[in-house]
Amino acid sequence: MNYLAHLFLAGDDADALLGNLAGDFVKGRLGDEFTPGMRRGIISHRRIDEFTDTHPAVAAFRRVIAAEHGHYARVISDVLFDHFLACDWDAYSSESRANFLQRIFTTLDPRIAEMPGYLRFVYPRMRDEGWLESYAEIEGIDTALRNLSRRFSRAPQLETATHFLRDARETLHTHFQRFFPDVIDYAKQIR
């Protein structure tokens, strides 16, 4: 859902990167099937999600979307956060987004067999179809939300939320800019 942000916030450790990416694919208690580093990454992912859910700028961001999309505003917001991160990349990283993604893929490619559950099938598609690269474009977000809608039994047509990236862009961007430096600091603290 917000794969780019979780990878960005994970730090450089390979196990932490894999664990942070796997966070949405692993539910419940963490057993011995994960290395200690992967476990830390999954826990970090969960803690970042909790921090995000309680941040006032995120609540304001979600309120803009909730009038039309109700409880799906949380999921939509996660995807839109990746859009704003992709667009503002240079404000948060001295490494280019292209170099970052190449480094991530180089790190994770040899570990596909270790990826839990459905991630083992999603990750190659994410890499090969350029999901993370596409997030800077509204069309890429439209595709991400359309695909995400298929995962819900009610098929909520989340892609209709892309109009917010035009109609409420300034407001959403301001909320994102108030939130993202705080989550970067938080992620560094919990590493």
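- Judged by distance alone, the side chain of N20 and the main-chain N or O of A16 form a donor-acceptor pair under 3.5 Å.
- A10 and L17 make their closest contact through CB-CD2, 3.8 Å (heavy atoms, listed as atom of the first residue, atom of the second, distance).
- You'll find the side chain of S77 stays beyond 4.5 Å of the side chain of H175, heavy atoms only.
- Crowding of K27 atom NZ: a count of heavy atoms from other residues, nucleotides or ligands under 6.0 Å exceeding 12.
- Between A5 and D82, the shortest heavy-atom contact is N-OD1, 2.8 Å.
- By the 30° and 60° cut-offs, the orientation of the rings of F51 relative to Y186 is parallel.
- Evaluated for a ring pair (Phe, Tyr, Trp, His ring centres under 6.0 Å) with F100, the options Y92, W89, F105 yield exactly one hit, W89.
- Closest of all the heavy-atom pairs between P116 and V26 is CG-CG2, 3.6 Å.
- The minimum heavy-atom distance linking L108 with M115 is given by the pair O-CE, 3.8 Å.
- Side-chain contact between T107 and L18 is absent, with no heavy-atom pair separated by less than 4.5 Å.
- Contact of the V75 side chain with the H69 side chain is not registered, since no non-hydrogen atoms from C-beta on lie closer than 4.5 Å.
- In plain terms, the two heavy atoms of F34 and L30 that are nearest each other are CE1-CD2, 4.0 Å.
- Taken from CD in E68 to CG in L158, the straight-line distance is 12.0 Å, to the nearest 0.5 Å.
- Using a 4.0 Å cut-off between charged side-chain N and carboxylate O, D12 and R103 make a salt bridge.
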### Task
Assess whether side chain to side chain contact (heavy atoms under 4.5 Å, CB included) is satisfied between D53 and R74, documenting all intermediate values.
CA-CA 8 Å; D53 288 344; R74 181 184 188 275; 3.1 Å; yes
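- Between F180 and F84, the distance separating the two ring centers is not shorter than 6.0 angstrom.
- In this structure, CZ in F81 is found 5.5 Å from CZ in F179, a value given to the nearest 0.5 Å.
- Note on ring orientation: taking the six-membered ring where Trp is involved, the planes of Y118 and F25 are tilted (angle from 30° to 60°).
- Within the structure, side chain to side chain donor-acceptor pair (under 3.5 Å) contacts touching residues 120-131 (residues at least two apart or in different chains) are D109-Y123, D109-R127, R125-E129, E129-W131.
- In this structure the side chain of D88 reaches within 4.5 angstrom of the side chain of H173, judged on heavy atoms.
- Put simply, the side chain of H83 does not reach to within 4.5 Å of the side chain of V79, judged on heavy atoms.
- Just one of R47, H45, R46 meets the side-chain hydrogen bond (donor to acceptor under 3.5 Å, both in side chains) condition when paired with D49; it is H45.
- The CZ atom of R169 sits 14.0 Å away from the NE2 atom of H163 when rounded to the nearest 0.5 Å.
- With values rounded to the nearest 0.5 angstrom, N147 atom CG is found 9.5 Å from E159 atom CD.
- Between T174 atom OG1 and L172 atom CG the span is 8.5 Å, to the nearest 0.5 Å.
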### Query
Hey, mind stepping through F176 and L80 against side chain to side chain contact (heavy atoms under 4.5 Å, CB included) and telling me if it holds?
CA-CA 9 Å; F176 175 79; L80 299 188; over 6 Å; no
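- Q102 and T106 share a donor-acceptor pair across their side chains, judged by distance under 3.5 Å alone.
- Closest non-hydrogen pair, P124 versus L119, comes out as CD-O, 4.2 Å.
- A distance of 9.0 Å separates CG in L21 from CD1 in I104, rounded to the nearest 0.5 Å.
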